[in-house]
Amino acid sequence: MKTSFLITLLLATMACTHGQEPVKDTAGNPLETGQQYFIQPIKTGSRNAGGLVPAAIRFSPLCLLGINQAVFPFLPGLPVSFQFADSITEPIIKTSTDVTIEFNVTRPLLICNELSFIWAVESLSASKEPSIILDGKAGSQNSRFKIEKAGEGVGDNTYKLTSLDGTVGNVTGIFQAPQLVLTNDDAKTTFVTFNKYNEAITSASRVDKSGLRMFSF
């Protein structure tokens with residue numbers, strides 16, 4: 001009986017991890033929890049904006065902050081860190097694994113500083129494409145994201161972010177910058193790479209630290 005149970009458990013574990021592989025940054029190294037990375041949307045068509053930053057997505061309420069690309073391509077945005085949404089002890093992040101994503105901010109926001117910096121899908125939105133917003137909670141359903149391979153033809157170590165009900169894509173926001181939303185329209189998918197924070201700072205000598213700004217404007 002005990003042997004049969006162990007075999008069943010082993011098969012279940014193999015089934016859960018089938019097809020998973022380490023997510024890699026732009027240098028080809030595996031992503032790890034506790035490290036900081038810039039999420040860099042890749043250029044698609046004529047759209048060539050910068051990294052990801054918190055930004056207002058509506059004029060009211062003001063303290064509903066979403067996530068936009070910085071208007072200028074040379075701005076890397078704010079770094080993020082990843083944590084597993086479930087109890088996983090290994091540091092390596094693999095595809096198709098639930099993670100929470102959080103901006104790493106060294107200075108408080110000038111406004112809305114009661115918000116957490118954890119990403120979430122806007123749960124109260126009536127839109128078919130709800131915004132990706134701040135103020136999520138670790139482990140909650142709407143703060144669970146997966147990193148999946150982007151597929152053929154978009155470059156090495158390129159990925160997309162998914163959630164339970166769709167894929168993270170973008171629409172034009174109120175400041176005319178790409179704004180992250182959850183979508184089922186493949187044409188709007190945001191493909192991204194992960195640039196490790198320390199390597200990005202030392203290699204981007206023309207990017208002033210003031211470029212690590214909070215907002216997209």
Where the side chain of [X] meets the backbone of [Y], is there a donor-acceptor pair that is under 3.5 Å apart?
X: Gln40; Y: Pro76; answer: yes
X: Glu32; Y: Ile92; answer: no
X: Thr193; Y: Thr26; answer: no
X: Thr183; Y: Asp185; answer: yes
X: Thr95; Y: Glu21; answer: yes

* Asked: More than 12 non-hydrogen atoms from neighbouring residues, nucleotides or ligands closer than 6.0 Å to CG on Asp86, yes or no?
  ->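 Counting other residues, nucleotides and ligands, CG of Asp86 exceeds 12 neighbours.
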* **Heavy-atom side-chain contact between Val71 and Phe175 under 4.5 Å** =>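 Contact flag for Val71/Phe175 side chains = no.
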* To do: May I ask you to test the Ile42-Val192 pair for a side-chain heavy-atom distance under 4.5 Å?
  =>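 No, side chains not in contact.
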Just checking, any donor-acceptor pair under 3.5 angstrom between side chains of [X] and [Y]?
X: Thr172; Y: Gln179; answer: no
X: Thr190; Y: Asn170; answer: yes
X: Asn142; Y: Ser140; answer: yes
X: Glu102; Y: Ser81; answer: no

* To do: Test Asn184 against Thr167 for side chain to side chain contact (heavy atoms under 4.5 Å, CB included), laying out the working first.
  => CA-CA 6 Å; Asn184 288 296; Thr167 300; 5.8 Å; no
Could you tell me which non-hydrogen atom of [X] sits nearest to which non-hydrogen atom of [Y], and how far apart they are?
X: Asp135; Y: Glu114; answer: OD1-O, 4.3 Å
X: Leu75; Y: Ala70; answer: CB-CB, 3.9 Å
X: Glu148; Y: Ser96; answer: OE1-OG, 2.8 Å
X: Lys196; Y: Asp25; answer: CB-OD2, 4.0 Å
X: Phe191; Y: Lys160; answer: CD2-CB, 4.3 Å
X: Gly77; Y: Phe38; answer: O-CE2, 3.4 Å

Please round to the nearest 0.5 Å and tell me the distance separating atom [atom1] of [X] and atom [atom2] of [Y].
X: Thr97; Y: Ile88; atom1: OG1; atom2: CD1; value: 5.5 Å
X: Ile132; Y: Leu65; atom1: CD1; atom2: CG; value: 14.0 Å
X: Thr162; Y: Phe145; atom1: OG1; atom2: CZ; value: 9.0 Å
X: Gln69; Y: Leu180; atom1: CD; atom2: CG; value: 7.0 Å

Hydrophobic cluster identity match, [X] and [Y], side-chain contacts under 4.5 Å:
X: Tyr159; Y: Ile101; answer: yes
X: Phe84; Y: Val80; answer: yes
X: Leu164; Y: Leu182; answer: no
X: Ile67; Y: Ile57; answer: no
X: Ile39; Y: Ile133; answer: no

Scan the side chains in residues 115-126 for donor-acceptor partners under 3.5 Å anywhere in the protein, sequence neighbours excluded, and list what turns up.
residue: Ser116; atom: OG; partner: Ile118; partner atom: N; Å: 3.4
residue: Ser116; atom: OG; partner: Gly136; partner atom: N; Å: 3.3
residue: Ser116; atom: OG; partner: Gly136; partner atom: O; Å: 2.8
residue: Glu122; atom: OE1; partner: Arg58; partner atom: NH2; Å: 3.2
residue: Glu122; atom: OE2; partner: Arg58; partner atom: NH1; Å: 3.1
residue: Glu122; atom: OE2; partner: Arg58; partner atom: NH2; Å: 3.4
residue: Ser125; atom: OG; partner: Ser127; partner atom: N; Å: 3.0

* Asked: Please walk me through it: do Phe103 and Leu134 pass side chain to side chain contact (heavy atoms under 4.5 Å, CB included)?
  -> CA-CA 9 Å; Phe103 278 125; Leu134 299 188; 3.8 Å; yes
* Counterpart residues, ring-ring contact (aromatic ring centres under 6.0 Å, His included), relative to Phe82 (two or more places apart) ->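 Scan of Phe82 (ring-ring contact (aromatic ring centres under 6.0 Å, His included), adjacent residues dropped) gives Phe194.
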* N-O pairing of Arg144 and Asp98 below 4.0 Å ->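 Here Arg144 pairs with Asp98 in a salt bridge, since their nearest N and O are under 4.0 Å apart.
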